[in-house]
Participant: 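The structure under discussion is supplied below as structure tokens; questions concerning it will follow.
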Amino acid sequence: MKFSKLFLPTLKETPSEAEVISHKYMLRAGLIRKLAAGIYSVMPLGVRVLRKIENIIRQEMNRAGAQEVFLPSIQPSELWRESGRWDFYGKELLRVTDRHGREFCYGPTAEEVITDLVRNDVRSYRDLPLNLYQIQTKFRDEIRPRFGVMRGREFSMKDAYSFDADEEGAEESYRAMKKAYEAIFLRCGLRFSAVEADTGQIGGSSSHEFMVLADSGEDTIVHCQKCGYAANVERSRLPLPPVSAAPPPPAPMEEVATPGMGAVEDVAEFLKRDTTDFIKTLIFKTGLKERPLVAALCRGDHEINHVKLARAIGCAEASLAEEADVVKATGAPVGFAGAPGLAIPVVADNWVRNIVNAVTGANKADTHIVNVNPERDFPEGTEWADIRQPQEGDLCPECAAAMGLAKGIEVGHIFKLGTKYSESMNATFLDAEGEKKPMIMGCFGIGVGRTAAAAIEQNHDDDGIMWPMAIAPFKAIVLPLNIKDSAVMDVAESIYHNLDDSGLEPLLDDRNARAGVKFNDADLIGIPLQVIVGKKGVEQGKAEIKIRATGEKLMVDIAETPARVAELVKKFTP
RNA sequence: CGGGGCGUAGCGCAGCCUGGUAGCGCAUCUGCUUUGGGAGCAGAGGGCCGGAGGUUCGAAUCCUCUCGCCCCGACCA
């Protein structure tokens, strides 16, 4: 490909809308342009990257025994009503009505469609297992799209669905996908971690997220260096707190005046007590009829994780209650809630249980209670659970070593669905005994554009992108520094054609531009290898190969250049 | 949805407070020179100032409404 013919408008300055690195560089390197919030056009260079990623995905999915299909993006509401998600999915589901008044949605995922497809054509255990996947545009009407294609509303996703006759088969399908995913992200040149995850709206029994480690990630994970345990904080398991051998004796509860001091830090300062002696009480809305409000407790220096809390309560989501509800539930303004004497249900974090002579709110304005002892003073029926946010240094649930926290970008997510959809949508088969059974399902997603963005987050410098070889739009860019110098141009063209004939996907920068412009654009768009052809080099029979990622420069005989490029391409392709 | 910010040429911005009919840099086009890290000179084109009302002799500027975008939060395969 010749640069002069390529639709590749690079930007010298960053458009003001971009905040994160990958978004900035995707715009500047001419990969994408925005059409509306969370909706992007992909330009030629971007398409080349996406196709590379898609092809790696295809190869590994096919190798794992999955078959590619292509499902509709517009899906009838009936299927979604059958699964029960028409109402459950909420505003994120983009609903449309056709000219006859029939309701449809733009597919955010395809469990319903695939289950419908399979139930109609699969009847026997002999047809199982089956794993079908597609690479399709999805639409999710996110509340707040952001960070370019990282959290877009319209995006390309590979989604796979497995159907098995029994648990062992489903387990095997899950393992095969996990292995395929590891191969895919490894080949894409990403540093990632497969972590235990929450199942969210998709449902099902268990799941792993594939997290690309990057500071700009929206998810937080806890991980153990020693044994390799890693989990999304939403799914983190924390061991019980150490028990003191000789705890001080419990003292009688006593009210203290704490005028205007709602925050734990203020009260701690005032009472000269450590925040670890405090029990923080937060009131949450659950959306449940039987217990709309719940008090969640954690130690003063800890934070409640809303997702862990929701799971402990058994509700879809837990969010902080409005001020009026807090007043109603506790009889005090926000900041003075405490478990003793509270009428609403109490869920307390395990780490609260053996705090001795703790400080907590008195359910009375400007008042706290000291010497609270949970076992003695908490209401009857208090539930204990693991509901707090992990902290740096928390101990590993598997091996008890200290864990760390890291930010990650979720590029893939795999779920064991069980029979959630096959039962609600009646996808059954006859087993060897002639008995009718629901298929056991799994589902497996990869965000294609997000994988590209994650690759940039992990591989860039101040000058631009440094594409991993396997997903680079071009593997090498040939830079004749002066196209009017026919000796230089002849050498550049011959190297270019040679590379092209060898299938090494070269780009020839044949623009009549100064050397600096070409260097800067080559760095920006992140082609892994630059072949620099200049006057001085040509006179000595040499060309120069620059490795974008390391900055390393090699002087090479012109005749050997294509072979050296081929070598380097091979070396850098995992 | 709550909070904050921003819409002026393709991109980045100034002008707005204190109304007088739009400007800078980059990019683009033409010509000449230049060609190893975003060139120089000369010339040229491009904006009903997001939109709609209003105030005024006069609105990019003041007021009201509206649309869009970005950030934080809530939310989220």
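Throughout, a chain's letter reflects where its sequence line sits, starting with A, and its residues are numbered from 1.
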Participant: Just to be sure I understand the rule, does A/Phe147 reach a base, reach only the sugar-phosphate, or reach nothing, if contact means heavy atoms closer than 4.0 Å?
Facilitator: sugar-phosphate

Participant: Tell me whether the OP1 or OP2 atom of B/C70 has a side-chain N or O from A/Arg146 closer than 4.0 Å.
Facilitator: no

Participant: Does the side chain of A/Arg33 get closer than 4.0 angstrom to OP1 or OP2 of B/G10 through an N or O atom?
Facilitator: no

Participant: Does B/C11 have its OP1 or OP2 closer than 4.0 Å to a side-chain nitrogen or oxygen of A/Ser16?
Facilitator: no

Participant: How about A/Glu323: does its CD atom have over 12 heavy atoms from other parts shown lying under 6.0 Å from it?
Facilitator: no

Participant: Distance criterion of 3.5 Å, no angle test: do you see the side chain of A/Arg28 paired donor-to-acceptor with the base of B/G38?
Facilitator: yes

Participant: Determine the Euclidean distance between corresponding P atoms of B/C24 and B/A14; express it in Å to zero decimal places.
Facilitator: 16 Å

Participant: With nearest nucleotide decided by heavy atoms, which residue, A/Pro145 or A/Ala110, maps closer to the 5′ end of RNA chain B?
Facilitator: A/Pro145

Participant: Please walk me through it: do A/Asp219 and A/Val195 pass side chain to side chain contact (heavy atoms under 4.5 Å, CB included)?
Facilitator: CA-CA 11 Å; A/Asp219 291 282; A/Val195 309; over 6 Å; no

Participant: Say you pick atom P in B/G25 and the same atom in B/C70; how far apart are they, in whole Å?
Facilitator: 30 Å

Participant: Could you tell me whether A/Arg450 contacts a base, only the sugar-phosphate backbone, or nothing, with contacts defined as non-hydrogen atoms closer than 4.0 Å?
Facilitator: nothing

Participant: Across the strands shown, which category fits A/Asn512 at heavy-atom distances under 4.0 angstrom: base, sugar-phosphate, nothing?
Facilitator: base

Participant: Quick one: A/Ile409 CD1 to B/C76 P, roughly how many Å, whole number?
Facilitator: 20 Å

Participant: Counting any heavy atom closer than 4.0 Å, what does A/Pro108 reach on the DNA or RNA strands: base, sugar-phosphate only, or nothing?
Facilitator: base

Participant: Could you state the CD1-P distance from A/Ile143 to B/G73, rounded to the nearest angstrom?
Facilitator: 13 Å

Participant: Give A/Ala522 one of three labels, base, sugar-phosphate or nothing, depending on what nucleic acid heavy atoms sit under 4.0 Å from its own.
Facilitator: nothing

Participant: Classify A/Gly445 by what it touches in the nucleic acid, base, sugar-phosphate, or nothing, heavy-atom distance under 4.0 Å.
Facilitator: nothing

Participant: Contact class for A/Lys138 (heavy atom, under 4.0 Å): base, sugar-phosphate, or nothing?
Facilitator: nothing

Participant: Flag the pair A/Lys308 and A/Asp386 as a salt bridge only when some basic side-chain nitrogen lies within less than 4.0 angstrom of an acidic carboxylate oxygen.
Facilitator: yes

Participant: With heavy atoms under 4.0 Å as the rule, sort A/Ala18 into base, sugar-phosphate or nothing.
Facilitator: nothing

Participant: At 4.0 Å (heavy atoms only), tell me whether A/Leu11 reaches a base, stays on the sugar-phosphate, or touches nothing.
Facilitator: nothing

Participant: Need one value for A/Lys34: base, sugar-phosphate or nothing, where a base atom within 4.0 Å counts as base even if backbone is also close, heavy atoms only.
Facilitator: sugar-phosphate

Participant: Give none if B/A52 has no partner; otherwise give the nucleotide forming a Watson-Crick or G-U wobble pair with it, both distances under 3.5 Å.
Facilitator: B/U64

Participant: Below 30° counts as parallel, above 60° as perpendicular, anything between as tilted: where do the rings of A/Tyr89 and A/Trp80 land?
Facilitator: perpendicular

Participant: Do the charged groups of A/Glu17 and A/Lys34 touch, with an N to O distance under 4.0 Å?
Facilitator: yes

Participant: How would you label the contact of A/Asp521 with the nucleic acid (heavy atoms, under 4.0 Å): base, sugar-phosphate, or nothing?
Facilitator: base

Participant: Whether A/Arg514 contacts B/G38 is assessed here as follows: a side-chain N or O lying under 4.0 Å from the phosphate OP1 or OP2. Is that the case?
Facilitator: no

Participant: Can you check the distance between B/A9 and B/U61, where both ends of the measurement are the P atom (answer in whole Å)?
Facilitator: 15 Å

Participant: So what does A/Glu218 hit on the nucleic acid, given a heavy-atom distance under 4.0 Å: a base, only sugar-phosphate, or nothing?
Facilitator: nothing

Participant: Is there a Watson-Crick or G-U wobble partner for B/U18 with both distances under 3.5 Å, and if so, which one is it?
Facilitator: none

